[in-house]
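In what follows, chains are A, B, ... by sequence order, proteins preceding strands, each numbered from 1. Keep in mind that this is a model prediction, so the values were computed, not measured.
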Protein chains: 2
Amino acid sequence: MVAMDAKQPDLTRDKLLRAAFGEIHRQGFQAASIANILADTGFTKGALYHHFPTKQALGLAVIEEVIYGYLDGLIFKALGESDRPVETLLEIISISGAQTDRESICLGCPLNNLMQEMSPLDEAFKDCLNAILINWKGAVEQALLRGKEQRVIRSDVDCGAAALFVVSAWEGCVGTAKNLQSAEAYGLCMLQLHGFVSSLMI
Amino acid sequence: MVAMDAKQPDLTRDKLLRAAFGEIHRQGFQAASIANILADTGFTKGALYHHFPTKQALGLAVIEEVIYGYLDGLIFKALGESDRPVETLLEIISISGAQTDRESICLGCPLNNLMQEMSPLDEAFKDCLNAILINWKGAVEQALLRGKEQRVIRSDVDCGAAALFVVSAWEGCVGTAKNLQSAEAYGLCMLQLHGFVSSLMI
DNA sequence: ACCATTACATACCGAACGGTATGGATGTGT
DNA sequence: ACACATCCATACCGTTCGGTATGTAATGGT
């Protein structure tokens with residue numbers, strides 16, 4: 001064994017986590033089968049229940065690590081680090097609407113899927129998911145507020161409400177596109193959202 | 001027995017259907033327990049499986065009869081029969097945003113819940129739900145088109161895309177409000193949607 | 001009045017589920 | 001080299017699930 005960038009146990013945990021994410025993304029959390037996750041990874045129950053005490057803990061770990069990590073890398077950081085946040089927001093919306101592949105469309109947003117399924121049933125899930133949702137809304141709100149300072153967003157805009165709506169509509173667009181199984185519908189829908197954000201500008 | 005407005009079997013079917021709707025609305029379809037539905041109604045499996053061949057058929061009946069009936073009575077008919085459809089659309093959005101009770105917020109839109117959960121898993125569900133979604137979108141689109149004729153909607157508006165976005169954002173607002181468990185957030189969000197529709201007007 | 005169909009109740013089935021108890025292998029610090 | 005915790009595999013458990021087979025009471029047409 002010459003080199004091993006990560007320790008074996010962590011690798012196992014990662015594989016389980018990724019497989020769990022896929023299974024949950026496809027089936028939803030409740031319908032997600034532990035047996036399927038194990039079959040995908042080749043591990044057994046001993047491994048899984050060593051790293052995660054319950055199925056719920058596994059689900060929460062998927063949310064906090066995989067899902068949050070994805071959105072953070074794709075949206076939150078980009079908005080926070082941009083010098084022209086409004087422009088960046090519009091770009092993200094445009095790009096997402098244009099180049100989201102069919103499979104992602106059909107499976108929907110992992111965050112939204114879990115929110116719709118689990119929030120009324122499990123408080124831990126609700127809190128965990130809401131934290132991400134509020135983070136998302138906050139990132140958009142900060143982008144709009146900074147846009148105000150830069151005089152590209154109208155001064156009469158309620159940035160908090162607008163940000164909440166942008167995130168809501170965003171999720172809504174993913175949701176309907178998922179049902180229609182149409183990337184084209186998603187593009188059309190996101191174009192309207194683009195128009196809404198533009199309408200907030202000077 | 002002096003009078004009986006409905007036949008006994010139909011009454012049984014209705015009770016089962018309503019109980020099934022409630023259970024599905026609370027738990028989702030897959031997690032909805034046949035046993036719970038039977039416990040709620042006092043019937044047994046013999047009754048349920050006499051009226052519905054499978055759980056899937058029960059779910060589809062809930063969609064086609066209960067859910068569609070609800071949306072049709074609340075939205076589709078109102079839009080179709082109105083002389084000033086755009087005004088009516090804005091009214092529905094305003095009223096919905098203002099007076100939706102907390103319980104409805106927390107459980108979310110039954111249509112959206114089922115779409116997110118079932119569309120990728122079951123084609124029959126997908127088709128059934130999409131039919132309602134397209135109906136909804138069509139009703140809004142017709143309202144906007146008639147608004148164009150009445151010269152209250154700008155002539156450059158893409159009514160199809162706008163209608164798709166309105167429905168998407170609508171569902172999105174319900175979704176986020178459901179997670180935040182906040183009727184106030186729903187009101188704020190729907191106010192923004194109201195603003196979007198208004199921005200389509202002359 | 002008779003018979004067939006409808007409308008339910010009861011008891012039961014196989015499968016899949018999440019979770020656990022136990023045991024062995026593999027490092028790891030001392 | 002020894003003790004010990006970490007890591008994972010195997011076998012098993014109780015429960016719940018959707019669905020079915022069978023039986024029986026009510027109903028409705030003739």
Side-chain angles (χ1 to χ4, degrees), chain A residues 1-24 26-63 114 117-118 121-125, chain B residues 1-24 26-63 114 117-118 121-125:
Chain A
M1 215 56 76
V2 252
M4 188 72 84
D5 40 359
K7 291 171 187 169
Q8 198 72 27
D10 294 348
L11 248 172
T12 300
R13 211 188 97 101
D14 263 20
K15 287 181 184 175
L16 287 169
L17 215 51
R18 292 180 177 279
F21 168 76
E23 173 76 3
I24 291 174
R26 284 186 298 269
Q27 314 270 0
F29 175 76
Q30 300 182 89
S33 163
I34 301 279
N36 283 353
I37 297 173
L38 298 175
D40 284 355
T41 56
F43 292 110
T44 60
K45 289 199 172 183
L48 197 151
Y49 281 97
H50 171 72
H51 289 283
F52 307 97
T54 63
K55 188 189 180 187
Q56 182 197 18
L58 174 63
L60 294 175
V62 166
I63 296 171
L114 284 172
E117 179 188 4
M118 296 304 296
L121 299 179
D122 189 299
E123 197 143 351
F125 270 85
Chain B
M1 216 55 77
V2 253
M4 188 72 86
D5 38 2
K7 291 172 188 169
Q8 199 72 26
D10 294 349
L11 248 172
T12 299
R13 211 188 97 101
D14 263 21
K15 287 181 183 175
L16 287 169
L17 215 53
R18 292 179 179 279
F21 168 77
E23 173 76 5
I24 292 173
R26 284 186 298 269
Q27 313 269 359
F29 176 76
Q30 299 182 91
S33 163
I34 302 279
N36 284 352
I37 297 172
L38 298 176
D40 284 354
T41 56
F43 292 110
T44 61
K45 290 200 171 182
L48 196 151
Y49 281 95
H50 171 71
H51 289 282
F52 306 96
T54 64
K55 188 190 180 187
Q56 181 195 21
L58 173 63
L60 293 176
V62 165
I63 296 171
L114 284 172
E117 178 188 5
M118 296 304 296
L121 300 179
D122 188 300
E123 197 143 353
F125 270 85

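- Note that CD1 of B:I24 is 9.0 Å distant from CE of B:M118, once rounded to the nearest 0.5 Å.
- For the side chain to side chain contact (heavy atoms under 4.5 Å, CB included) criterion with A:F43, the lone passing option out of A:I37, A:L48, A:T12 is A:T12.
- In this structure, A:Q56 atom CD and C:dC17 atom P are separated by 19 Å, rounded to whole Å.
- B:D10 places its CG atom 14 Å from the P atom of C:dT6, with the value rounded to the nearest Å.
- When the P atom of D:dT16 is taken as reference, atom CD1 of B:I37 falls 17 Å away, rounded to whole Å.
- Here C:dC17 presents its P atom at 11 Å from OH of A:Y49, a figure rounded to the nearest Å.
- Proximity of a side-chain donor or acceptor of B:E117 to a complementary backbone N or O of B:Q30 within less than 3.5 Å is detected.
- Of the candidates D:dC8, D:dG19, D:dA9, the closest approach to any side-chain atom of A:T44 belongs to D:dA9.
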Assess the residue pair A:D122 and A:K55 against the criterion (salt bridge (Lys or Arg N to Asp or Glu O under 4.0 Å)); give the C-alpha distance rounded to whole Å, side-chain angles, the decisive distance to 0.1 Å, and a yes or no. CA-CA 13 Å; A:D122 189 299; A:K55 188 189 180 187; over 6 Å; no
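- Close to D:dT6, at under 4.0 Å from its OP1 or OP2, lies no side-chain N or O of A:H51.
- If you measure from atom CG of A:L38 to atom C1' of D:dA11, you get 14 Å, rounded to the nearest angstrom.
- When each of D:dA9, D:dC17, D:dA11 is scored by its nearest atom to the side-chain atoms of A:A47, the top-ranked nucleotide is D:dA9.
- In this structure, A:E23 contributes its side chain and A:I34 its backbone to no donor-acceptor pair below 3.5 Å.
- Atom pair B:Q30:CD and D:dG19:P shows a separation of 13 Å (rounding to whole Å applied).
- For B:K45, taking side-chain heavy atoms from C-beta onward, the closest of the listed nucleotides C:dA9, D:dT10, D:dG19 is D:dG19.
- Using a 4.0 Å heavy-atom criterion, one finds that A:A31 contacts no nucleic acid atom at all.
- Contact between the side-chain N/O atoms of B:S33 and the OP1/OP2 oxygens of D:dC17 is found at a separation under 4.0 Å.
- A donor and an acceptor atom never sit less than 3.5 Å apart when one is taken from the side chain of B:K55 and the other from the base of D:dG19.
- Remark: C1' of D:dG18 and CG of B:L16 are 16 Å apart, rounded to the nearest angstrom.
- Side-chain proximity of B:T54 to C:dG18, D:dA9, D:dG19: nearest is D:dG19.
- The phosphate of D:dC7 has neither OP1 nor OP2 within less than 4.0 Å of any side-chain N or O from A:T12.
- The phosphate of D:dA9 (OP1 or OP2) has no side-chain N or O of A:H50 nearer than 4.0 angstrom.
- Comparing A:A35 and A:P53, the nucleotide of DNA chain C nearest to each residue sits closer to the 5' end for A:A35.
- One can place CD of B:Q27 at 14 Å from P of D:dT16, the figure rounded to the nearest angstrom.
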